[in-house]
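To keep things clear, I will list the structure first and then write my remarks on it.
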Amino acid sequence: MSLLQHLHGVSIRAKFVVSMSIMLVISMLIVSGFLINRQSHGYRRELQATGETMIKIMAMNAESGVLFGSAYELNDLMIVLKEFGTVESGIIMNRDDSILAQTGHLCFDTVQIAALRRETRESNAFGFEYITDTTGREYLVLAAPVTSEQQNMSRENLGITGGVDPTLASSRSKETIGWIELGLSVENVDQAIATAKLVAMLVTLIVVIATIIVVVAVVSAVTKPVTELVEATDQLRRGDFSTRVEICQRDEIGQLATTFNSMAESLKQSRDEIEQYNRTLEEKIIERTQQLEEAQTQLIQSEKMSAIGQLAAGVAHELNNPLGGILGYAQFTLEKLRKNVPEKTTPKDIESYTRYVGDIETQARRCKTIVQNLLRFSRSSRSTEFEEEVDVNQVIAETVTFVEHQFRISEIDLEVNLADDLPVISGNAGQLQQVFTNLMINAMHASEKGTAVRINTRYSPALGEFGGALELRFADSGHGIAEENLKKIFEPFFTTKEVGKGTGLGLSVSYGIVKEHGGEITVTSAVGQGTTFTIVLPVQKIAPSTDTVTELGEKHY
Amino acid sequence: MAKILVIDDSAVIRSLLTDFLTDIGHEVETAGDGDEGVRKARADTYDVCICDMHMPKKNGYQLLTDLGDRKHNMQFIFTDSMPDHLGERISEISDYCQLRKPFDLTQLRTVLEHTLASVKVQ
Ligand SMILES: Nc1ncnc2c1ncn2[C@@H]1O[C@H](COP(=O)(O)OP(=O)(O)OP(=O)(O)O)[C@@H](O)[C@H]1O
Ligand SMILES: [Mg+2]
């Protein structure tokens, strides 16, 4: 990761502080390094100059001492020398380098000192060298010749006095009579330099710290509102639209804060509007759903009523004939018996009576069967218990008794072929009866007089999950269903029948019931040739969740 | 003594009417559906026709229209289980007596006597 990329993750404040500090430290180091360097050079030059002056004065003062080899005088000089703190050692030698006086003792590197001596002896002049002694301490070693003006001496000796004769003066020559060497300690200088460095470093440190503090303060002052804005934006992002920033600045950040606040305000407004809208929408949806549910319940109820109405006509016909028979034969027999004279009763009379009463019994039984069927239908219609053992053949036969009269009147044959090997299935007989009634009535409505509606049942072990399935066919030779309607017939309220004759709910309810039984209802139709509805009901079905059962149970029944 | 044609799809009603009407001295002929009824009505003359309004292969109205002018030769008593539009349509083309099923034999007798009386008046 490059430095730039690295910086991306760092806060503005840190970026500022770090870069400012680095710049500051670097510039301080450069400046103070430069100054210290300059100063240390200055210190050395100063030391050299002092040393040179000192050694020259000493050389002058040592002239007579060397000339006369007076150790006493020279030692005095040495004592004076010692007064100077920087002077570590001093040696005065005669021309032959024999030591005349000495103070301090230095173990100089003989090679270096020898080089200095050779150089000064050759040039017969002042010279100096920085020499490190065996203990590692550095010294400035200076060497200067001690000279004597010999010709002057001879003039005096000759007794020439007065006047200044430049030619004479120029003829004067200096003669080197000895050497003086001084060892000045550089330590003090180094110490001064070290102190200067330390001071410079301290100053740098103080300045850096002070700068950092100032920078942090300034940067904080700048970034605090930015941080506040960032936090507020984050709160906004998390959906707290009441967030506001309180920054009363007149600069760009202040403007940003104002803009932010107004943005938050308009966001809050639009959110509130949306929420309000959602609430009303929800209420409306709930209201509409309720209305729709009510309408649907009513329609389903009316579909049921119309189914019952259709049945009622059939049932009335079915019941009225046997009832009329019973009533009539009962009255007839009674009347005959009242008029009857026992003595005149013939076996033929008895035979007639038996037939009449037999008819009464037969018809009463027929009434009983019809009433039982009706009761069973109404009971299972109302029953919320979905799972019962249903003999589909029996349900179809019962349904047929309710509709056959209408078929007979419409002169449509009802050909019922029930397989006798049908296993019972689990389901709801009442619901299935409603399906069958609707299919039969639909077929009847579509059929022309003189045609037949064929109902077949069949057991197919190969169909369904386990235990096979029942296949029920309701086939008519009626007018058929147009291609474009074929998709719609299972939709609620789709009907091609005149108002009052069909609600269009029959097939949609039937579809729901068959699905509820885990089955399928399919249709094939050819316009003008007829229609066949096929229902496949599994003998064992994978039970749907109890929720749907009760829901559907309540909805339809 | 009258000649009566009974048209009804219910066997028990046919046999009851035959037994009863014969017993009270009438001559009875029966038909099990509208077609048979038309055939018998054309083949013979009857004083009264007791006819079920709802039957396979021709309801009461169709029977009347099929008989054409012949319907005026006899009186009609229509029986039905519940009132519906068929009754109205029949009354448009014919006067008739109506008997709601299930009927009493005394009721039938009264209606029949009333009908026969009107035949005699004619
Ligand atoms: N066997 C059939 N032959 C021809 N068309 C049919 C047949 N069965 C149903 N249809 C068509 O499907 C439509 C919908 O049938 P569905 O049973 O759902 O309603 P409906 O019979 O019109 O009214 P309802 O059954 O509620 O009294 C019918 O109007 C009819 O057009
Ligand atoms: Mg229908």
Side-chain angles (χ1 to χ4, degrees), chain A residues 309-340 348-349 351-367 370 404-414 444 449-452 500-501, chain B residues 6-26 28 30 32-36 38 50-63 66 77-87 98-112:
Chain A
Q310 282 170 341
L311 286 182
V315 170
H317 283 289
E318 293 308 312
L319 269 181
N320 280 337
N321 283 331
L323 274 180
I326 291 165
L327 188 60
Y329 271 119
Q331 286 179 332
F332 187 53
T333 315
L334 255 176
E335 206 176 313
K336 291 223 123 193
L337 284 175
R338 279 205 196 102
K339 286 187 204 152
N340 188 55
K348 204 174 165 261
D349 286 336
E351 196 188 305
S352 296
Y353 294 151
T354 315
R355 183 164 64 82
Y356 302 156
V357 178
D359 270 351
I360 288 174
E361 202 213 352
T362 315
Q363 295 312 313
R365 271 191 205 290
R366 174 143 179 79
C367 287
I370 291 167
E404 69 188 344
H405 188 260
Q406 279 165 280
F407 271 79
R408 231 184 300 134
I409 290 165
S410 310
E411 287 171 47
I412 296 159
D413 276 347
L414 201 49
M444 189 189 82
K449 195 175 36 172
T451 62
K501 213 174 176 192
Chain B
V6 169
I7 314 174
D8 201 308
D9 59 326
S10 162
V12 65
I13 296 297
R14 286 200 303 275
S15 82
L16 172 72
L17 289 183
T18 312
D19 283 338
F20 174 65
L21 294 174
T22 319
D23 192 65
I24 58 172
H26 299 293
V28 180
T30 61
D33 60 48
D35 275 349
E36 198 187 344
V38 172
I50 300 175
C51 179
D52 191 1
M53 222 181 258
H54 296 280
M55 280 179 306
K57 294 187 189 167
K58 261 185 199 74
N59 57 38
Y61 179 77
Q62 287 163 328
L63 184 128
D66 268 26
I77 298 170
F78 281 109
T79 60
D80 73 349
S81 296
M82 49 201 289
D84 68 8
H85 58 101
L86 253 187
Q98 198 177 347
L99 209 53
R100 176 90 1 111
K101 281 181 175 177
F103 45 78
D104 242 47
L105 289 184
T106 36
Q107 243 178 328
L108 175 67
R109 195 179 222 157
T110 317
V111 172
L112 188 63

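Letters A, B, ... are given to chains in the order of the sequence lines, protein chains preceding strands, and every chain is numbered from 1.
Between the side chain of Gln62(B) and the main chain of Asn59(B), a donor-acceptor pair closer than 3.5 Å is present.
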TODO: Please assess Thr18(B) against Thr30(B) for the test side chain to side chain contact (heavy atoms under 4.5 Å, CB included), listing each intermediate value before the final yes or no.
DONE: CA-CA 8 Å; Thr18(B) 312; Thr30(B) 61; 3.5 Å; yes

Open item on the list: Applying side chain to side chain contact (heavy atoms under 4.5 Å, CB included) to Leu112(B) and Arg109(B), what does each step give before you reach the verdict?
Closed with: CA-CA 5 Å; Leu112(B) 188 63; Arg109(B) 195 179 222 157; 5.7 Å; no

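Both the backbone and the side chain of Asn321(A) come within contact range of chain B, each with at least one heavy atom under 4.5 Å from a heavy atom of that chain. The part of Tyr356(A) that comes within reach of chain B is its side chain, from C-beta onward, which places non-hydrogen atoms under 4.5 angstrom from that chain. The parts of Gln331(A) that come within reach of chain B are both its backbone and its side chain, each placing non-hydrogen atoms under 4.5 angstrom from that chain. Contacts between Leu105(B) and chain A at a heavy-atom distance below 4.5 Å involve backbone atoms as well as side-chain atoms. Both the backbone and the side chain of Leu323(A) come within less than 4.5 Å of a heavy atom of chain B. For Thr79(B), no part lies near chain A; criterion is any non-hydrogen pair under 4.5 Å. Of the atoms belonging to Phe103(B), it is backbone heavy atoms, and not side-chain ones, that fall under 4.5 Å from chain A. Contacts between Arg14(B) and chain A at a heavy-atom distance below 4.5 Å are absent for every atom of the residue. With a 4.5 Å cut-off on non-hydrogen atoms, Gln107(B) does not touch chain A at all.
Using a cut-off of 4.0 Å between Lys/Arg side-chain N and Asp/Glu carboxylate O, Arg355(A) and Glu351(A) are scored as not salt-bridged. Ion pairing between Asp52(B) and Lys101(B) holds under the 4.0 Å rule for side-chain N and carboxylate O. Salt-bridge formation is detected for the pair Asp80(B)/Arg100(B): a Lys NZ or Arg NE/NH1/NH2 atom is positioned less than 4.0 Å from an Asp or Glu carboxylate oxygen.
Heavy-atom pairs under 4.5 Å with chain A were tallied for Asp33(B), Leu108(B), Asp23(B), Thr106(B); the largest tally goes to Asp23(B). Per-residue heavy-atom pair counts under 4.5 Å with chain B were compared for Ile326(A), Leu327(A), Ile412(A), and the maximum is reached by Leu327(A).
Atom CZ in Phe78(B) sits 6.5 Å away from atom CG in Leu63(B) (nearest 0.5 Å). Rounded to the nearest 0.5 Å, atoms CD1 (Ile77(B)) and CD (Gln98(B)) are 11.5 Å apart.
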